[in-house]
Amino acid sequence: MTGEAGDRSDRSTLLHVDMDAFFVSVTIRDRPELHGRPVIVGGGARGVVLSASYEARRCGVRSAMPMTRAWRLCPTAVVLPAAYPEIEASSAAVRELLLQVTPMVEMMSVDEAFVDVAGALRRFASPVDVAEHVRARVHDEQRITCSVGIGPTRSVAKLAGRRAKPDGVVRVPADAVVDFLHPLDVGELWGVGERSRQRLESLGVRTVADLAHLPLPELCRAVGPRAGTHLHALAWGTDSCRVSPHPVSPAGAARPSERSIGSQATFGHDTDDTTLVRRELLRRSAAVARRARAAGLVARTVALTVRFADFTTLTRSRTLADPTDVTTTVHATACELYSALGLRRTRVRLVGVRLEGLQRRDGVHEQLVLGAREHGWADADRASDRAVRRFGRYAVRPASLLREDRP
DNA sequence: TCTGGGGTCCTAGGACCC
DNA sequence: TCTGGGGTCCTAGGACCC
């Protein structure tokens with residue numbers, strides 16, 4: 001499965017580079033006393049596990065697990081908050097390092113990337129050679145480890161990478177793809193979550209081989225034409241092999257995708273206090289509107305998310321006559337959507353605001369962007385943005401948030 | 001003290017237009 | 001004039017990923 005060097009005719013040139021327990025590794029790399037101990041990054045009384053060291057995983061701790069459960073499974077674990085500045089710096093450095101190998105780098109998140117090295121094989125003996133080069137540099141320069149999966153398609157590379165963890169390399173040559181994929185549980189496929197796994201199991205599909213041999217029409221009837229076609233391709237390892245390098249902004253950061261901007265927060269305690277809810281909606285509205293302005297975007301649609309004490313969640317959205325990036329407009333819309341729910345004494349766990357239908361601000365006429373009454377508020381927003389840039393994010397806050405602690 | 005916060009994409013129904 | 005079909009927009013919900 002791994003490592004034959006020098007085979008340049010093999011189309012298996014796609015690397016999936018994935019940092020090992022990234023949040024934990026970065027957060028504790030300067031704290032040697034914690035090395036080898038079970039460490040969990042995450043927390044908050046109502047939070048979940050963001051990342052667990054391999055020692056903590058041995059107790060059964062997993063990402064996205066409620067902290068209460070993680071604590072029960074691994075009472076000796078050290079729990080730390082995520083060191084976001086260091087995590088982001090490390091992620092950017094890894095990205096730079098990958099770009100020195102080839103421009104064909106697609107960051108999927110802070111801790112993983114696809115890299116097509118077909119064009120780099122003049123300088124490297126093989127894809128595995130590239131992988132070892134990258135791993136050595138990440139280890140030497142970032143003092144953390146990563147694993148690399150190599151395959152002819154994205155999904156195969158990703159699955160190979162899972163086999164490589166931690167701190168290893170696995171390459172699946174193009175002619176070994178079906179033998180590699182077919183014994184796997186369908187739930188291991190990228191895009192098959194718990195619900196789809198259950199649904200497929202009800203069709204008698206448990207392994208990828210079962211899925212591959214299910215007649216396509218039957219599969220499409222069960223999961224829809226789109227998902228069916230996609231799953232069929234995954235099962236035969238014929239999904240996309242294209243890497244889309246993100247355009248790079250002058251600051252060097254990958255430009256984030258620009259489809260929506262959201263902010264949500266869980267209350268420390270479920271609440272039925274409307275004043276508290278509206279105040280939180282203001283905080284979320286201010287956050288998303290500020291991000292939109294910073295990105296030069298305006299939104300046509302404002303969406304509200306409300307999660308209740310029983311964890312049921314609903315969304316409501318409204319498309320505005322004119323796109324906006326004005327905090328008060330976003331907040332007013334969110335509050336109207338909230339009021340329209342007609343809640344009385346219903347305990348709320350979380351609220352969130354999301355901007356959708358984003359467009360570039362400079363592509364929209366000013367009078368379409370701003371109604372006459374919005375101008376004053378827009379000016380206030382711009383003044384507030386300037387103050388925040390100069391004095392930090394707590395420099396300017398709406399009066400109703402002044403004495404408030406975060407939820 | 002069960003269950004975060006950032007997203008993307010898909011589906012499905014109804015409105016509305018041609 | 002009793003009824004089609006395609007396309008787009010809006011809304012709500014859900015699955016999934018990191």
Side-chain angles (χ1 to χ4, degrees), chain A residues 16 18-19 21-23 40-52 61-73 79 81-82 84 87-88 91 106-114 154-155 158 161-162 186-200 220 222-231 234 244 254 256-270 280 283-284 287-288 291 300-321 337 340-341 349-358 406-407:
Chain A
H16 181 253
D18 198 347
M19 305 299 121
F22 187 51
F23 283 32
I40 296 171
V41 165
R46 314 182 89 182
V48 298
V49 174
L50 293 174
S51 176
V61 177
R62 296 287 180 272
S63 291
M65 178 182 278
M67 279 305 300
T68 47
R69 172 134 189 262
W71 208 291
R72 276 200 303 275
L73 286 169
V79 178
Y84 284 108
I87 285 166
E88 277 162 25
S91 176
E106 182 175 3
M107 292 300 288
M108 298 302 290
S109 69
V110 282
D111 69 345
E112 62 176 302
F114 285 109
R154 296 159 70 99
S155 116
K158 175 135 175 133
R162 202 173 293 170
V186 272
E188 292 200 56
L189 292 179
W190 198 21
V192 178
E194 187 48 33
R195 302 304 280 262
S196 305
R197 199 193 60 76
Q198 282 172 13
R199 185 153 201 180
L200 289 168
C220 289
V223 301
R226 203 135 183 167
T229 311
H230 179 61
L231 286 177
L234 288 183
S244 320
S257 61
E258 293 170 344
R259 306 196 67 82
S260 70
I261 295 173
S263 177
Q264 58 180 47
T266 300
F267 291 103
H269 301 280
D270 299 343
E280 192 55 38
R283 204 188 320 260
R284 299 302 132 201
V288 295
R291 283 174 56 197
R300 292 209 57 218
T301 303
V302 175
L304 166 78
T305 301
V306 180
R307 177 170 295 152
F308 300 105
D310 67 358
F311 220 72
T312 56
T313 306
L314 55 75
T315 62
R316 291 290 182 271
S317 64
R318 176 176 301 165
T319 297
L320 307 169
L337 290 166
L341 296 176
R349 179 188 177 90
L350 165 151
V351 291
V353 175
R354 178 165 295 277
L355 301 180
E356 301 170 349
L358 300 176
R406 298 170 57 78

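Keep in mind the model is a prediction, meaning the values are calculated, not measured.
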Visitor: Which of the following nucleotides, C:dC17, C:dG13, B:dC9, is nearest to the side chain of A:Arg259?
Guide: B:dC9
Visitor: At 4.0 Å (heavy atoms only), tell me whether A:Arg318 reaches a base, stays on the sugar-phosphate, or touches nothing.
Guide: sugar-phosphate
Visitor: Hey, which sits more toward the 5' end of DNA chain C by its nearest nucleotide, A:Leu314 or A:Arg300?
Guide: A:Arg300
Visitor: If you compare every side-chain N and O of A:Arg46 against the phosphate oxygens of B:dG4 (OP1, OP2), does one of them come in below 4.0 Å?
Guide: no
Visitor: Between A:His16 and A:Phe114, what is the ring plane arrangement, given parallel below 30°, perpendicular above 60°, and tilted in between?
Guide: tilted
Visitor: Go through C:dC18, B:dC2, B:dG4 for me and flag the one nearest to the A:Arg349 side chain.
Guide: B:dG4
Visitor: With rounding to whole Å, what would you report as the distance between C:dC17 and B:dT3 at their P atoms?
Guide: 22 Å
Visitor: Pick base, sugar-phosphate or nothing for A:Gly224, based on heavy-atom distances below 4.0 Å to the nucleic acid.
Guide: nothing
Visitor: Can you check the distance between C:dC16 and B:dC2, where both ends of the measurement are the P atom (answer in whole Å)?
Guide: 26 Å
Visitor: Separation of A:Lys158 atom NZ from C:dC16 atom P, in whole Å?
Guide: 15 Å
Visitor: Provide the closest heavy-atom pair for A:Glu280 versus A:Val351 in the form atom of the first, atom of the second, distance.
Guide: CG-CG2, 3.6 Å
Visitor: Any chance CZ of A:Arg318 has more than 12 other-residue heavy atoms, nucleotides or ligands included, within less than 6.0 Å?
Guide: yes
Visitor: Under 4.0 Å between a side-chain N/O of A:Ser109 and OP1 or OP2 of B:dG6, yes or no?
Guide: no
Visitor: So, is A:Thr319 near the phosphate of C:dC9, with a side-chain N or O under 4.0 Å from OP1 or OP2?
Guide: no
Visitor: What integer distance in Å separates A:Trp190:CH2 from B:dC9:P?
Guide: 12 Å
Visitor: Please classify the nucleic acid contact of A:Arg72 as base, sugar-phosphate, or nothing, using heavy-atom distances under 4.0 Å.
Guide: nothing
Visitor: If you look at every strand shown and take non-hydrogen atoms under 4.0 Å, does A:Arg226 touch a base, only sugar-phosphate, or nothing?
Guide: sugar-phosphate
Visitor: Could you tell me whether a side-chain N or O of A:Ser196 sits under 3.5 Å from a main-chain N or O of A:Glu194, the two making a donor and an acceptor?
Guide: no
Visitor: Which residue lies toward the 5' end of DNA chain B, A:Gln264 or A:Ala309, if each is placed at its nearest nucleotide?
Guide: A:Ala309
Visitor: Applying a 4.0 Å non-hydrogen cut-off, can you work out what A:Ala64 is touching in the nucleic acid: base, sugar-phosphate, or nothing?
Guide: base
Visitor: Output the rounded distance in Å from CG (A:Leu50) to P (C:dC17).
Guide: 18 Å
Visitor: May I have the distance from A:Asp270 (atom CG) to B:dT1 (atom P), rounded to whole angstrom?
Guide: 13 Å
Visitor: In this structure, how many angstroms lie between the P atom of C:dC17 and the CG atom of A:Asp111, rounded?
Guide: 15 Å
Visitor: Starting at atom CZ of A:Arg316, determine the distance to atom P of C:dG14, rounded to an integer number of angstrom.
Guide: 11 Å
Visitor: Do any side-chain nitrogens or oxygens of A:Arg69 fall under 4.0 Å of OP1 or OP2 in B:dC2?
Guide: no
Visitor: What is the distance from CD of A:Glu280 to P of B:dG5, rounded to the nearest Å?
Guide: 9 Å
Visitor: So A:Ser63, base contact, sugar-phosphate only, or nothing? Heavy-atom distance under 4.0 Å.
Guide: nothing
Visitor: Across all strands, who's sitting opposite C:dC18 as a Watson-Crick or G-U wobble pair, both distances under 3.5 Å?
Guide: B:dG5
Visitor: Look at all strands and tell whether A:Ser196 reaches a base, only sugar-phosphate, or nothing, counting heavy atoms closer than 4.0 Å.
Guide: sugar-phosphate
Visitor: Kindly say if A:Thr313 contacts the phosphate of C:dG14, meaning a side-chain N or O under 4.0 Å from OP1 or OP2.
Guide: no
Visitor: Whole angstroms only, please: what is the NE2-P distance between A:His269 and B:dT1?
Guide: 10 Å
Visitor: Taking atom types as modelled and ignoring hydrogens, do the side chains of A:Thr315 and A:Thr305 form a donor-acceptor contact shorter than 3.5 angstrom?
Guide: no
Visitor: Determine, answering yes or no, if A:Phe311 is stacked on B:dT3 under the 5.5 Å centre rule and the 30° plane rule.
Guide: yes
Visitor: Under 4.0 angstrom, heavy atoms only, what part of the nucleic acid is A:Ser317 near: base, sugar-phosphate, or nothing?
Guide: sugar-phosphate
Visitor: Map A:Ile261 and A:Asp310 onto DNA chain B by nearest heavy atom, then report which one ends up closer to the 5' terminus.
Guide: A:Asp310
Visitor: Which is true for A:Val192 with a 4.0 Å heavy-atom rule: it touches a base, it touches only sugar-phosphate, or it touches nothing?
Guide: sugar-phosphate
Visitor: For a quick test of reading the model, state the closest non-hydrogen atom pair linking A:Asp111 to A:Phe22 and the distance between them.
Guide: CB-CD2, 3.5 Å
Visitor: Assess whether a salt bridge exists between A:Arg46 and A:Asp270, defined as any Lys/Arg side-chain N lying under 4.0 Å from an Asp/Glu carboxylate O.
Guide: yes
